[in-house]
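Structure first, then comments.
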Amino acid sequence: MSEIMSNLTEKTMQQFGCDDGILEPGLFWKAKEATPARIGIGHAGARCKTDSMLRFLADHAQASDSVFMEVDEDIIKKLGIFEIHTRCRNKEDMILRPDWGRIIEEDQQMLLKQNCISNPKVQIYFGDGLCSPAIAANIPDLYKVISSGLDFEGITVGTPFFVRYCRVNTARIIGPLLGAEVTCVLIGERPGLTTAESMSAYIAYKPHPLMLESEYTVVSNISRFGIPPVEAAAHIVDLIIEILEKKQSGIHIDY
Amino acid sequence: MVLKTRLYQNTYEFSSVKEVLAKASEAKSGDILAGIAARTKLERIAAKVVLSELTVQDMYENPSVPYEEDAVTRLIQDDIDKNVYESIKGMCLGELREWLLSSSTTGEMMLQTGRGLTSEAIAGVSKLMGNLDLIYAGSKMKITATCNTTIGEDGVLACRLQPNHPVDDRDGIIASALDGLSYGAGDAVLGVNPAIDTVDSTLAVWEVLEELKNRYRIPTQTCVLSHVTTQMEALKKGGRADLCFQSIAGSEKALAAFGVTLPMLKEANEMFLKGGTAKGPNVMYFETGQASELSSNAHFHTDQVTMECRCYGLARHYRPFLVNTVVGFMGPEYIYDAKQLTRAALEDVFNGHLHGLPMGCDVCYTNHMPMDQNDNEALAMLLVNAGCHFMMGVPQGDDIMLMYQSTGFHDLAALREIAKKRPIHEFELWLEKWGFWENGRLGKHAGDFTMLLKG
């Protein structure tokens, strides 16, 4: 077996390429360093070479699998938080019923009221969304830096928790329920082939059931392969401070 | 207007044109989610039967959202060519279908008629057409538009080069762009979706793309797909680009969810005509995708094909250079699998064309859909035959910023070679000069972007 086929996913995409017949291999590998995109992979006629085709299939299989994975209860324990769930009963519901993914039933609302401080300046919580591995991969660094950053500014942060089968629009229910001025949900985003652990932050000033989608301020691509969690956290702190000052979030038509 | 019919001893009665349109639609998970889809296959066919007897006038008089309540409806209805409309208003949709398919009806005649059809009428007739009907009739229409170069000429399959990067890194964008150019991608537009939607970031990426275009004298156009207001600000700050981008939707309320109004689009169009780098006259680039209205609860109980058509009715007002249906990006709750995706893409491209638009398609899927690259490639083959103006060129079809899969540089090259299609003429000459393209297929330096880097 050839070396590459003995461990096809070992190399990063920056190291994965084909410089056969390339005029300037030095420039070729230097350019590849600048992006995880699948460039410089050669071709067989107008089609892909066998190694890059199989690598693509492997990466797609991993991404597709991560959608249907659950966040382990041990991870929630380790984060020292509690969990609630939406109306969805499983990942299938999650995929086909986005409307259920924003509904928090009464018993779960009770849990929130019992376990969380009321009327914090900022409420932050975590959701699995469409990518469960994103929680364990990002939350430890991301949440630590956001909460300490807000603490440092004298801004009170509510009790964090985890929402299973969570969609972004849970914020419309949870924000008013806990009486937060700003609500920020850190949620797993659709997995891609280069990372099956990315998350986004959706931040809203006084979210409510009838708010517009454009009223969310969004930071996406948070992961060690995109915007690193620590860097993203600093950006999120700045955004929250700005939102609190302006008393509005998102894109506004009266520009 | 009769909204009732019988099939196999059952009577099917519908309460409105809107309900007929929704129930006549081919099955989509989004319409099921919205609770407006036909409950049985037979009910779907009954709705199609009723729809085939409704007239162009019935469609005109029953817009999905009332004229008084919605700026998009007003725009569509006010833009209708009244002379054309008067001459065809009595035609029922079943007849219209046969007329569109008739060998004696030319593409030019179809486009002329399209000017008298509201978006609801066009959506309606497409629901009476099978996949091959859509390809057969659609491929007759020739629609050109000009920015710096002209898209839509005979025998051309163009490609948007999409060199996205997770943090908009300059060198990363350049690397992907050069790789794409070396496979023949980029004649429709060099278009980046920015990870960060700010004026500074838009300015920075505009500069990268303009520099590439000018340094290598590439006959193409540039665009950064940030929010329209961000681009307007960037233009005011002295930045330059060819095309103005915005995602659009089929109702005023859905547009508001995107942070967009019609006066805003008008102002943006005027600003780019005056202050952009394009020759024009077509300087707008719109993206759409079935069910974006439902996702913002602004669909007014209308099915997703009809709402999507209203995007095209809106788009044609601004004479865009490109309209792109990003058909598989919304997710499986709206378009579930390859069967639904194939249908949606063929509907969108046909319906866009009948609105007179240069229609491209982002043949794509997300990782939570039960689909893979094989499904994508099959759809791309169909769309080439349907006269689709352009598709995306993403490195191996994997977008590392938007986290979905589309068509790759290799796919566009293979599609062109198989279907004997070519890049836009000036761009083809440019490719041949570098040895990237030769005799209608990849040339000896294809894939070697270092050709462009060496001193």
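Lettering follows sequence order; numbering is per chain, from 1. All values below come from the heavy atoms of this structure, side chains included, with hydrogens, waters and symmetry mates left out.
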Say whether, by atom type as modelled, one donor and one acceptor occur between the side chain of [X] and the main chain of [Y] under 3.5 angstrom.
X	Y	result
B:H410	A:G42	yes
B:H445	A:L23	no
B:R441	A:A46	no

If I measure from the heavy atoms of chain A, does [X] come under 4.5 Å with its side chain, its backbone, both, or neither?
X	answer
B:D372	both
B:A446	both
B:Y365	side chain
B:D411	both
B:Y404	neither
B:H368	both
B:S176	both
B:M401	both
B:N367	both
B:D171	both

Roughly how far apart are [X] [atom1] and [Y] [atom2], rounded to 0.5 Å?
X	Y	atom1	atom2	result
A:T195	B:I400	OG1	CD1	11.5 Å
A:W100	B:L33	CH2	CG	10.5 Å
A:T35	B:N164	OG1	CG	9.5 Å

Would a 4.5 Å heavy-atom cut-off, applied to side chains only, mark [X] and [Y] as touching?
X	Y	answer
B:M403	A:E189	yes
B:Y336	A:L96	yes
B:M369	A:S64	no

I'd like to know which of [options] tops the heavy-atom pair count under 4.5 Å against chain B.
options	result
A:M94, A:M211, A:K91, A:H60	A:H60
A:A63, A:G26, A:S198, A:S220	A:A63
A:C131, A:A37, A:G226, A:G45	A:A37

Scanning both residues in full, the closest heavy-atom pair of A:A34 with B:D169 reads O-OD2, 3.8 Å

